[in-house]
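A short write-up of the structure that comes next.
We count ligands from 1, going down the list as the structure has it; atoms in each ligand are counted the same way. Treat the numbers as computed from the prediction; the structure is a model and nothing was measured.
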Amino acid sequence: MSDVLWFNGKWTTTEQPVLPVEDRGLQFGDAIYEVIKFLGGTPAFAREHYDRMERGLGALTIRHGWTWESFRELLRELMDRTSFDDGIIYVQVTRGIAQRKHDAEPEEPVKIVYSRSFKFPDEAKRRNGVAVITRPDLRWGRCDLKTTNLLPNTLGKKEAIAAGADEAIFIDDGFVTEGSISNFFAVEGEAVITHPANEKVLPGVVRDRTISVALRDRVRVDERPILENELFSLDEAFITSTTAGVMPVVSIDGRTVGNGTGGPITLRLQKEFLDLERSQTL
Ligand code: PDD
């Protein structure tokens, strides 16, 4: 079951060595990426991912040359060439290739799009949730841009796994920002709370859709930073991401959240988000 890779207009597989040594993504992390989920050969929320990528590339002044229509055509062809039904599409646009110099400005970007099979959480996992640990947020000032500068994220995630947990939740100056690969939500009483979509967090596609689903259900949504001290008196908590969906958080730094399994508001939002995700077309 070979992966399908589109590299600057050519079709190949991820087993082929295609990336030049002086690609600025490789040497400087001078790149924007996206992770799009597909189910039954259909990408979910592709337009939302495209819009976020376009905004990020604009902020870094990287020209990409796609329109929404040409990008959608590319995703359709990728799906036609992909032999498995469920997985992720990884998209990366780097500033391009140039002799290593901080201020180099290559003529053309390097664009990569590939499909990879992925095992998404099953129903038991979605109900039973995940454990998280807290870690200091060591990241830079533009966490709203989905750049490939992910060292604090990969280290945080590794620390979580080493501690027997699934995710690291970052704390910045006494406030919760987000997870290493997810957004963080708390439930207090009837209200759902998450960090405002500013420079300190990624505006997650699933975060945004979950907020819409909650508002449609007349659930109160407060977009405000959550105090680290609040973490241990929450009724429910959950994380959101493309790969995990809406996932209950059942313990934080070894302390149980709520009754130690997915709470009622979390599981309701989880189900409604899944329904929405499964109804997507390209
Ligand atoms: N991670 N915050 C961070 C730091 C992330 O890396 C991600 C996504 C999210 C959630 O965003 P979305 O709902 O759009 O997936 C929040 C992807 C899945 C990854 O890097 O693999």
_Pairing of R127 and E123 as salt bridge, 4.0 angstrom limit_ =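 Between E123 and R127 there is a salt bridge, with a charged N closer than 4.0 Å to a carboxylate O.
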
*Can you find an N/O atom of V205 closer than 3.5 Å to an N/O atom of ligand 1?*
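In this structure, V205 places an N or O atom under 3.5 Å from an N or O of ligand 1.
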
*Examine Y33 against ligand 1 and note whether any of their N/O atoms are separated by less than 3.5 Å.*
yes

Can you tell me which residue and heavy atom of the protein come closest to [atom], and the distance to 0.1 Å?
atom                    : result
atom 7 (C) of ligand 1  : I181 O, 3.3 Å
atom 10 (C) of ligand 1 : N183 OD1, 3.7 Å
atom 8 (C) of ligand 1  : K146 NZ, 3.3 Å
atom 2 (N) of ligand 1  : E178 OE1, 2.7 Å
atom 11 (O) of ligand 1 : G204 CA, 3.5 Å
atom 21 (O) of ligand 1 : V35 CG2, 3.8 Å
atom 13 (O) of ligand 1 : V206 N, 3.0 Å

*Report the part of N153 (side chain from C-beta onward, or backbone N, CA, C, O) that has a heavy atom under 4.0 Å from ligand 1; answer both or neither where that applies.*
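The side chain, only.
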
_Side chain, backbone, both or neither: T242 near ligand 1, heavy atoms under 4.0 Å_ =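 Contact part for T242 vs ligand 1: both backbone and side chain.
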
*Taking C-beta and beyond as the side chain, do D208 and E48 meet within less than 4.5 Å on heavy atoms?*
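Result no, sub-4.5 Å side-chain heavy-atom pair not found.
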
Tell me, please: is [X] in heavy-atom contact with ligand 1, that is, under 4.0 Å?
X    : result
S180 : yes
R52  : yes
A244 : no
E34  : no

*Look at atom CD of Q99 and say whether more than 12 heavy atoms of other residues, nucleotides or ligands are closer to it than 6.0 Å.*
no

*Within 6.0 Å of NZ in K157, more than 12 heavy atoms from elsewhere*: yes

*asked:* Using a 4.0 Å cutoff against the non-hydrogen atoms of G179, which atoms of ligand 1 qualify?
replied: 4 (C)

*Is it true that H195 and F184 have ring centroids separated by less than 6.0 Å?*
no

*Between the main-chain N or O of A168 and the side-chain N or O of E159, is there a donor-acceptor pair closer than 3.5 Å?*
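No; judged by distance alone, with no hydrogens or angles, the pair does not exist.
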
*Kindly assign one of parallel, tilted or perpendicular to the pair Y50 and F71, based on the angle between their ring planes and the thresholds 30° and 60°.*
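Y50 and F71: tilted rings.
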
_Geometric class of the W66/W6 ring pair [parallel <30°, tilted 30-60°, perpendicular >60°]_ =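 Tilted.
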
*asked:* How close do F170 and P136 get, counting heavy atoms only, and between which atoms?
replied: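 In terms of heavy atoms, the two residues are closest at CD2-O, 3.9 Å.
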
*Per the side chain to side chain contact (heavy atoms under 4.5 Å, CB included) rule, which among V206, V205, I211, T194 passes with T240?*
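With T240 as partner, V206, V205, I211, T194 yield a single side chain to side chain contact (heavy atoms under 4.5 Å, CB included), made by V206.
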
